[in-house]
Amino acid sequence: MMEAQAIFYPVGILILWTLAILVVVGNRRMAAVSKGLMPAAYYKLYRGAEEPPRLAALARHYQNLLELPPLFYVTTLVAFVAGAVDPLMVGLAWAFVGSRMVHSIVHVTVNKVPIRFLLFLSGVVILAAMLILILVRL
């Protein structure tokens, strides 16, 4: 029998991944300022300049990690509280995290929109499956 708390391992990994991306964004922004590629004043209101494309993509990706994943966090918490955690639910949670991590890698490297879209869509479908599974089990 699987422990219900297992649902929180993928949650923790995705939170750590998000924090790692935040650290990378911060480091890259500081490097851009120190190299004279970006004026420090830009970061007061995010006006008056434009970040280099790779830095802008990285920063935008960090924002992506603050959009869909919160729904995942709530879903995993609801699954836990509702007693709907089983190997399938945990597997779906890991699949969601995997889709987000691969999405991250694509977004900050090759940044191919069709691939990113498919990865994003796969995460949405996985999340929807998790929610449907919870509703069926209530």
Side-chain angles (χ1 to χ4, degrees):
M1 172 121 184
M2 170 177 281
E3 295 289 328
Q5 294 87 340
I7 196 74
F8 297 117
Y9 290 116
V11 169
I13 295 299
L14 188 54
I15 292 170
L16 288 172
W17 182 260
T18 302
L19 292 174
I21 296 291
L22 174 61
V23 168
V24 172
V25 169
N27 285 337
R28 298 259 173 94
R29 283 180 170 168
M30 288 189 300
V33 169
S34 71
K35 292 177 184 175
L37 300 173
M38 288 298 298
Y42 168 77
Y43 294 104
K44 287 184 180 181
L45 296 174
Y46 293 86
R47 293 185 185 157
E50 190 172 314
E51 289 181 312
R54 289 182 63 90
L55 180 55
L58 181 62
R60 178 65 188 120
H61 184 67
Y62 174 71
Q63 291 173 342
N64 286 170
L65 289 170
L66 301 177
E67 293 169 351
L68 186 61
L71 296 175
F72 168 73
Y73 302 140
V74 170
T75 300
T76 56
L77 186 57
V78 169
F80 181 79
V81 170
V85 176
D86 65 2
L88 177 58
M89 185 66 69
V90 173
L92 288 168
W94 279 115
F96 179 83
V97 171
S99 75
R100 297 307 304 162
M101 293 175 85
V102 174
H103 181 267
S104 290
I105 293 165
V106 169
H107 199 169
V108 302
T109 59
V110 297
N111 201 11
K112 300 288 186 190
V113 174
I115 297 169
R116 278 182 31 218
F117 176 72
L118 289 175
L119 290 164
F120 172 79
L121 187 59
S122 71
V124 170
V125 169
I126 293 164
L127 187 57
M130 292 174 72
L131 287 165
I132 291 167
L133 198 55
I134 291 167
L135 292 173
V136 166
R137 292 177 177 171
L138 287 180

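The figures here come from the full heavy-atom set of this structure, side chains too, leaving out hydrogens, waters and symmetry mates.
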With rounding to the nearest 0.5 angstrom, report the CD1 to CG distance, Ile7 to Leu92.
8.5 Å

Output side-chain donor-acceptor pairs under 3.5 Å for residues 31-43, partner residues at least two apart or in another chain, one line each.
unit_1: Ser34; atom_1: OG; unit_2: Met30; atom_2: O; d: 3.4
unit_1: Ser34; atom_1: OG; unit_2: Ala31; atom_2: O; d: 3.0
unit_1: Tyr43; atom_1: OH; unit_2: Glu51; atom_2: OE2; d: 2.8

For the hydrophobic clusters of this structure (ILVMFWY residues joined by side-chain heavy atoms under 4.5 Å, transitively), does one cluster hold both Leu22 and Trp17?
yes

Tell me whether Leu65 is reachable from Leu77 by hopping between hydrophobic residues (I, L, V, M, F, W, Y) whose side-chain heavy atoms are closer than 4.5 Å.
yes

How far does CG of Leu119 sit from CD1 of Ile105, to the nearest 0.5 angstrom?
10.0 Å

Has Arg29 got more than 12 heavy atoms of other residues, nucleotides or ligands less than 6.0 Å from its CZ?
yes

Mind checking whether Leu66 and Val108 sit in one hydrophobic cluster, side chains of I, L, V, M, F, W, Y counted as touching below 4.5 Å?
yes

Could you tell me whether the side chain of Asn64 reaches within less than 4.5 Å of the side chain of Leu68, counting heavy atoms only?
no

Determine, stepwise, if the pair Arg60 / His107 fulfils side chain to side chain contact (heavy atoms under 4.5 Å, CB included).
CA-CA 9 Å; Arg60 178 65 188 120; His107 199 169; 4.2 Å; yes

Find the distance between OG (Ser122) and CZ (Phe117) and round it off to the nearest 0.5 Å.
10.0 Å

Nearest atoms (heavy-atom pairs only) where Asn111 meets Ala57
ND2-CB, 3.9 Å

Would you mind reporting whether Tyr9 and Ile13 have side-chain heavy atoms less than 4.5 Å apart?
no

Close side-chain approach of Phe96 to Leu14, heavy-atom, < 4.5 Å:
yes

Can you tell me how far the CE atom of Met101 sits from the NE2 atom of His103, to the nearest 0.5 Å?
13.5 Å

Cluster check Leu88, Phe80: I/L/V/M/F/W/Y, side chain < 4.5 angstrom:
yes

Would you mind writing out the side-chain donor-acceptor pairs for residues 130-138 within the sub-3.5 Å range, not counting sequence neighbours?
unit_1: Arg137; atom_1: NH1; unit_2: Ala84; atom_2: O; d: 3.1
unit_1: Arg137; atom_1: NH1; unit_2: Asp86; atom_2: OD1; d: 3.2
unit_1: Arg137; atom_1: NH1; unit_2: Asp86; atom_2: OD2; d: 2.9
unit_1: Arg137; atom_1: NH2; unit_2: Asp86; atom_2: OD2; d: 2.5

Would Glu67 and Arg100 pass as an ion pair if we require N to O under 4.0 Å?
no

Looking at Phe72 and Leu127, what are the two nearest heavy atoms and their distance?
CA-CD1, 3.6 Å

Hphob cluster co-occupancy, Val90 + Ile126, side-chain heavy atoms under 4.5 angstrom
yes

